[in-house]
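Structure, as structure tokens:
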Amino acid sequence: MLLKLLLILWLLGCLNIIYFGFQLDPFIIKSEPEFIYHYPTDGVILISLFFSSYFIVTYFLESTSSIQKHPFRSCTILSTITFIQLLIAYSSAMHAPPFMWAYMINIFILFFFHLVLCVSIIRHKKE
């Protein structure tokens, strides 16, 4: 169940980043009126990899059943990854291209999903 939910969230998040890669950056259009648009393949791939890191680690923890054996350690690892991703999003917020804004929105949604996930993992361990 958890892996299917993670796969759906990852797929929707990556598709959101890819979709916003096609949007024109208003800052560049305003500062360079003769700008010729090229799809930012490198940026979209890099941001998709950053976004995928949480899901890769969660899949690894779930497949090794480390989440059930060590729930606090697993939540600490996942919280660290989420916090680093929030720092990446905040540090690149000014004049960010539209796919970075999609990344920021995805990270906020992922952060709230992570809070629910950690509470459910810890509650499941107590039972």
Side-chain angles (χ1 to χ4, degrees):
M1 174 69 180
L2 175 64
L3 295 179
K4 288 181 183 178
L5 182 63
L6 285 173
L7 182 66
I8 291 170
L9 282 175
W10 172 77
L11 187 64
L12 289 175
C14 285
L15 287 176
N16 189 23
I17 293 170
I18 291 169
Y19 171 74
F20 273 92
F22 288 105
Q23 305 299 317
L24 295 176
D25 189 359
F27 176 73
I28 292 179
I29 292 172
K30 186 184 282 185
S31 62
E32 298 178 28
E34 297 181 15
F35 174 72
I36 298 173
Y37 177 75
H38 299 287
Y39 187 78
T41 307
D42 296 337
V44 169
I45 290 173
L46 181 68
I47 295 304
S48 295
L49 287 175
F50 284 157
F51 182 68
S52 299
S53 65
Y54 178 86
F55 298 99
I56 293 168
V57 172
T58 306
Y59 177 75
F60 175 75
L61 291 174
E62 180 69 28
S63 65
T64 60
S65 37
S66 179
I67 286 183
Q68 286 82 20
K69 294 177 186 174
H70 309 287
F72 295 109
R73 185 183 313 162
S74 299
C75 286
T76 303
I77 291 169
L78 294 174
S79 296
T80 304
I81 291 171
T82 308
F83 182 72
I84 290 170
Q85 288 186 348
L86 283 171
L87 286 179
I88 291 170
Y90 283 138
S91 66
S92 61
M94 185 178 282
H95 303 301
F99 65 89
M100 279 300 293
W101 285 102
Y103 173 68
M104 289 179 225
I105 292 168
N106 291 345
I107 292 302
F108 287 127
I109 293 170
L110 180 66
F111 178 71
F112 291 118
F113 170 75
H114 170 71
L115 292 177
V116 171
L117 179 67
C118 280
V119 168
S120 66
I121 289 172
I122 293 171
R123 180 175 285 177
H124 180 63
K125 178 66 175 178
K126 288 182 180 180
E127 295 175 355

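- A pairwise comparison of heavy atoms in C14 and S52 identifies SG-OG, 4.0 Å as the closest pair.
- Residues L61 and S74 come closest through the heavy atom pair CD1-CB, 4.0 Å.
- Two residues are said to be in side-chain contact when any heavy atoms from C-beta on lie closer than 4.5 Å; I107 and F50 fail this criterion.
- Looking only at side-chain heavy atoms (C-beta outward), I56 and F60 stay at 4.5 Å or farther from each other.
- Under a hydrophobic clustering in which Ile, Leu, Val, Met, Phe, Trp and Tyr are joined whenever their side-chain heavy atoms come within less than 4.5 Å, directly or via other members, V116 and Y59 fall into different clusters.
- Here I17 contributes atom CD1 and L12 contributes atom CG; the two are 11.5 Å apart, rounded to the nearest 0.5 Å.
- Rounding to the nearest 0.5 angstrom, the gap separating the CD1 atom in I18 from the OG1 atom in T41 is 10.5 Å.
- Ring geometry, H114 versus Y54: the interplanar angle exceeds 60°, so the pair is classed perpendicular (tilted spans 30 to 60°).
- Connection of L87 to W101 is not established within any shared hydrophobic cluster, with ILVMFWY side chains joined at heavy-atom distances below 4.5 Å, either directly or through further cluster members.
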- Task: Evaluate the side-chain contact (heavy atoms from CB on, under 4.5 Å) criterion for residues F113 and L6: first the C-alpha distance (whole Å), next the side-chain angles of each, then the deciding distance (0.1 Å), finally the verdict.
- Result: CA-CA 10 Å; F113 170 75; L6 285 173; 3.5 Å; yes

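- Placement of L78 and L5 within a single hydrophobic cluster is found when ILVMFWY residues are connected by side-chain heavy-atom separations under 4.5 Å, directly or transitively.
- The shortest non-hydrogen separation linking F51 to G13 is CE2-CA, 3.6 Å.
- With rounding to the nearest 0.5 angstrom, the CD1 atom of I47 is 10.5 Å from the CG atom of N106.
- Residues I105 and I8 fall into different hydrophobic clusters, defined by Ile, Leu, Val, Met, Phe, Trp and Tyr side chains chained together at heavy-atom separations under 4.5 Å.
- Nearest heavy-atom pair across L3 and E62 is CD2-CG, 3.7 Å.
- Both L9 and F108 sit in one connected hydrophobic cluster of ILVMFWY residues. Membership requires side-chain heavy atoms under 4.5 Å apart, directly or through other members.
- Taking the six-membered ring where tryptophan is involved, the planes of F22 and Y39 are tilted, since the angle between them lies from 30° to 60°.
- Taking each heavy atom of A102 and F20 in turn, the nearest pair found is CB-CD1, 3.6 Å.
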- Give the C-alpha distance, both sets of side-chain angles, the deciding distance and a yes or no for side-chain contact (heavy atoms from CB on, under 4.5 Å) between S53 and Q85. CA-CA 9 Å; S53 65; Q85 288 186 348; 2.9 Å; yes

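- In this structure the side chain of Y103 reaches within 4.5 angstrom of the side chain of I88, judged on heavy atoms.
- Residues A96 and M104 share a closest heavy-atom pair of CB-CE, 4.0 Å.
- The one candidate from T58, L86, V57 that meets the side-chain contact (heavy atoms from CB on, under 4.5 Å) condition with I81 is V57.
- Contact of the M100 side chain with the P97 side chain is registered, since non-hydrogen atoms from C-beta on lie closer than 4.5 Å.
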